[in-house]
Amino acid sequence: MSETRTRFAPSPTGHLHIGGARTALFAWLYARHTGGKFILRIEDTDAERSTDEYTQKILQAMEWLNLDWDEGPFYQSKRLDLYREYVEKLIENGRAFWCECTSEDLERKREEALKTGGKPKYDGTCRTKGLGPGPGRVVRFASPKSGITSFEDVIKGTISVDNSELDDLIILRSDNMPTYNFTVVIDDATMNITHVIRGDDHVNNTPRQIALYEALGFRLPVFAHVPMILGSDKTRLSKRHGATSVMAYKEMGYLPEALVNYLVRLSWAHGDMEIFSMEELVQLFDLQNVGRSAAVFNPEKLLWLNHHYIKTGDVKRLARLLMPFVIEAGLDPVNDNFLEHVVEDVRERTHTLIDMIDFGDFYFRDIDAAPELKEKFLTSEMLPVFRELISGLDIIDLTDRKMTENVFSNVLEKCGIKFKQLAQPIRVALTGKTASPGIFEIISTLGTKVVPRLKNALNYMESRTAQ
RNA sequence: GGUCCCAUCGUCUAGGGGUCUAGGACGCUGGCCUCUCACGCCGGUAACAGGGGUUCGAAUCCCCUUGGGACCGCCA
């Protein structure tokens, strides 16, 4: 048995989207699992819609997801001679022919066929005309007209189609560019792809591609058609269901491992396991366990996974990932160490990197609590407590939690109140909010910002009692 | 319309003839913990689309119905 070779072949006509990423992930995982090779190929024969910009974006998204490739990226636009060579070969063998039917003619016939309940397919007009090249002409593949084509899909099982359903597909357009169904066959065959893993929207293309394989004498690869990802209304996932591009999730503060973990569980499972590291996936992933039915994209579960990875990830790495978001928000990240403390403080309470900044904004900017909060919590009864606290905290090392706790218990005892009574006022004074990480965590992280904020609160309380 | 594919809680899924009064996870929800918010822990809610077979026995196998999806381009 030779080495496994899988591929991902996006067309650079848009961003890498969720569905494409999941397909890429499965192909990558299968290659890694079997110790084979993963090949990246850019299908850019549609010059009208393909752009270099999208190619770069797709590559970046692959890298962000940590899906590395062993060969490529290959560009179909640079392999045109090869395709034309094979077109020639097919014509010589009598398996392809020139066709002079115009798009308009065909469109008319299609509509007519549809109206009369027939099949909207090519009627074979030019098949026996023996035409040669000429302006406006295309080359069509002479599909087998009888018999049935069937194949074993690793995921879907046996699929068979009556050859009468296949029509003479165009393999070379009038602008001399080859078409998808043709290039994909040539490439997968010449790149020795052993397992074609792709979205199941290609199931219907497979029989006609198999005909091409056979006409060209190529060995057939194994086909694995992975189910689609649907939106909440069970139609194909699209923009109206929310963010669909991979990089949009990066920008929203998601971690690549969360997206990967989420995507792999769509149509695939390993018993009751929910959390998978890349290493575990490489070890456990198998095409046999891929389901046959479509999956609905569920943002809540993705968010939960993201939270999980934020909660449990390496703090230094998370801080590094958080940095650009802090800067983007126009805030001062202070330094790496500070950011690491912020991450530790907020990670259990936030679901995305953006969340961290929203929830922990008081770490980075001057705060000013809403009037009603100040009125409710910064009361005159708190005034003596704050005074004591400030003088106590002012002279100690605030990163020393034990010392800080000592100051608190002394003040509490002296003033005869419970910590519970003091916590919210302190919280409001320090964060401007009623929900935050624990008081001692905040104090330790905030460090030198603590006393000035307490003094501000004290000023407020004093001015209030003065009135 | 034709062809192909699919069908277990709202969602992702486990299950591959008996161990299923159907398990896990997200969500929702009751409680505990608690300086707030969370985290964590304990509990609850909720599904085999319908109908025929096959079998001693069916969520699991077969057929039909229904429902859903994909494709039917000189796009990929």
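A note on names: the letters A, B, ... follow the listed sequences, proteins ahead of strands, and every chain is numbered from 1.
- Both distances falling under 3.5 Å, in either a Watson-Crick or a G-U wobble arrangement, place B:C32 opposite B:G40.
- A donor and an acceptor atom sit less than 3.5 Å apart, one in the side chain of A:Arg349 and one in the base of B:C37.
- Nucleic acid contact class of A:Thr431 (heavy atoms, under 4.0 Å, all strands): none.
- Centroid-to-centroid, the aromatic rings of A:Tyr309 and A:Tyr254 stay 6.0 Å apart or farther.
- Nucleic acid contact for A:Arg49: base, since at least one base atom lies under 4.0 Å from a heavy atom of the residue.
- Distance check on atom P: B:C6 versus B:U60 gives 16 Å, rounded to whole Å.
- Across all strands, A:Cys99 comes closer than 4.0 Å to no nucleic acid atom at all (heavy-atom distances).
- Here the separation of B:C61 from B:G2, taken at their C1' atoms, is 29 Å to the nearest Å.
- Within the nucleic acid shown, A:Thr13 has no heavy atom closer than 4.0 Å to any nucleic acid atom.
- For A:Phe276 and A:Tyr262, the ring centers sit 6.0 Å or farther from each other.
- Remark: the A:Arg198 side chain and the A:Thr23 side chain contain no N/O donor-acceptor pair separated by less than 3.5 Å.
- Spacing between atom CG of A:Asp162 and atom C1' of B:C72 amounts to 15 Å, rounded to whole angstrom units.
- The side chain of A:Val203 sits closest to B:C4 out of B:G27, B:C12, B:C4.
- Looking at A:Glu43, A:Gln76, A:His202 one by one, the single match for side chain to side chain donor-acceptor pair (under 3.5 Å) with A:Tyr180 turns out to be A:His202.
- Using a 4.0 Å heavy-atom distance criterion, A:Thr45 is classed as a sugar-phosphate-only contact.
- The base of B:U36 is paired with the side chain of A:Arg427 by a donor and an acceptor separated by under 3.5 Å.
- Contact between the side-chain N/O atoms of A:Ser267 and the OP1/OP2 oxygens of B:U13 is found at a separation under 4.0 Å.
- Distance from the side chain of A:His307 is smallest to B:C39 among B:U3, B:C39, B:A14.
- Interface remark: the A:Glu274 side chain does form a donor-acceptor pair with the B:G24 base, using a distance-only criterion of under 3.5 Å.
- Straight-line distance between the P atoms of B:A7 and B:G57: roughly 26 Å, to the nearest whole Å.
- Using a 4.0 Å heavy-atom criterion, one finds that A:Asp167 contacts no nucleic acid atom at all.
- Distance, A:Met228 CE to B:A76 P: 17 Å, rounded to whole Å.
- Taking atom NZ on A:Lys420 and atom C1' on B:C35, their separation rounds to 7 Å, with Å as the unit.
- Within the 4.0 angstrom heavy-atom criterion, no nucleotide atom of any strand lies near A:Gly291.
- Nucleotides of RNA chain B nearest to A:Ala9 and A:Leu230 differ in position, and the one nearer the 5' end is that of A:Leu230.
- Residue A:Lys301 contributes atom NZ, which lies 15 Å from atom P of B:G10 at whole-angstrom precision.
- Computed from coordinates, the A:Ile155 CD1 to B:A7 P distance equals 13 Å when rounded to whole Å.
- With hydrogens and angles left out, the side-chain atoms of A:Asn306 and A:Thr352 include no donor and acceptor closer than 3.5 Å.
- Put simply, A:Lys311 has a side-chain N or O that comes within less than 4.0 Å of OP1 or OP2 on B:G40.
- The partner of B:U54 cannot be assigned: no Watson-Crick or G-U wobble pair with both contacts below 3.5 Å exists in any strand.
- Taking 4.0 angstrom as the limit, A:Arg292 places none of its side-chain polar atoms (N or O) nearer than this to OP1 or OP2 of B:G69.
- In this structure B:A59 sits in no base pair that meets the Watson-Crick or G-U test at under 3.5 Å.
- Atom C1' of B:G52 sits at a distance of 29 Å from the matching atom of B:A70, rounded to the whole Å.
- With distances taken from any side-chain atom of A:Asn204 to the nucleotides B:C12, B:C71, B:G27, the minimum falls on B:C71.
- At the heavy-atom level, A:Ser174 lies under 4.0 Å from base atoms of the strands shown.
- Looking at heavy-atom distances under 4.0 Å, A:Pro437 makes contact with a base.
- Partner of A:His195 under the ring-ring contact (aromatic ring centres under 6.0 Å, His included) criterion, chosen from A:Phe223, A:Phe38, A:Tyr30: A:Tyr30.
- Using the Watson-Crick or G-U wobble rule with both distances under 3.5 Å, B:A70 pairs with B:U3.
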Worked check of salt bridge (Lys or Arg N to Asp or Glu O under 4.0 Å) between A:Lys89 and A:Glu85: CA-CA 6 Å; A:Lys89 205 165 166 182; A:Glu85 217 174 276; over 6 Å; no
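- Taking atom NE2 of residue A:His202 and atom P of nucleotide B:C72, one finds them 10 Å apart after rounding to whole Å.
- Less than 6.0 angstrom separates the ring centroid of A:Phe26 from the ring centroid of A:Phe285.
- Shown here, B:C20 forms no base pair; nothing in the strands shown gives a Watson-Crick or G-U wobble contact with both key distances under 3.5 Å.
- No hydrogens or angles were tested; on distance alone, nothing pairs the side chain of A:Ser293 with the base of B:C6 as donor and acceptor under 3.5 Å.
- Heavy-atom nearest nucleotides on RNA chain B were determined for A:Pro178 and for A:Arg22, and the one closer to the 5' end corresponds to A:Arg22.
- The residue A:Val138 sits close to a base: some heavy atom pair falls under 4.0 Å.
- Counting to the nearest Å, the P atom of B:A22 and the CG atom of A:Asp272 are 16 Å from each other.
- Out of B:U36, B:C26, B:C74, the shortest distance to the side chain of A:Glu300 is found at B:C26.
- Between A:Ile439 atom CD1 and B:C37 atom C1' there is a gap of 11 Å when expressed in whole angstrom units.
- Contact annotation: A:Thr235 does not reach the phosphate of B:G69 (side-chain N/O to OP1 or OP2, under 4.0 Å).
- Using a 4.5 Å heavy-atom threshold, the side chains of A:Arg41 and A:Asp187 count as touching.
- Between B:C56 and B:C72, the two C1' atoms lie 48 Å apart (nearest whole Å).
- For the OP1/OP2 pair of B:U11 and a distance below 4.0 Å, the side-chain nitrogens and oxygens of A:Lys234 include at least one atom meeting the criterion.
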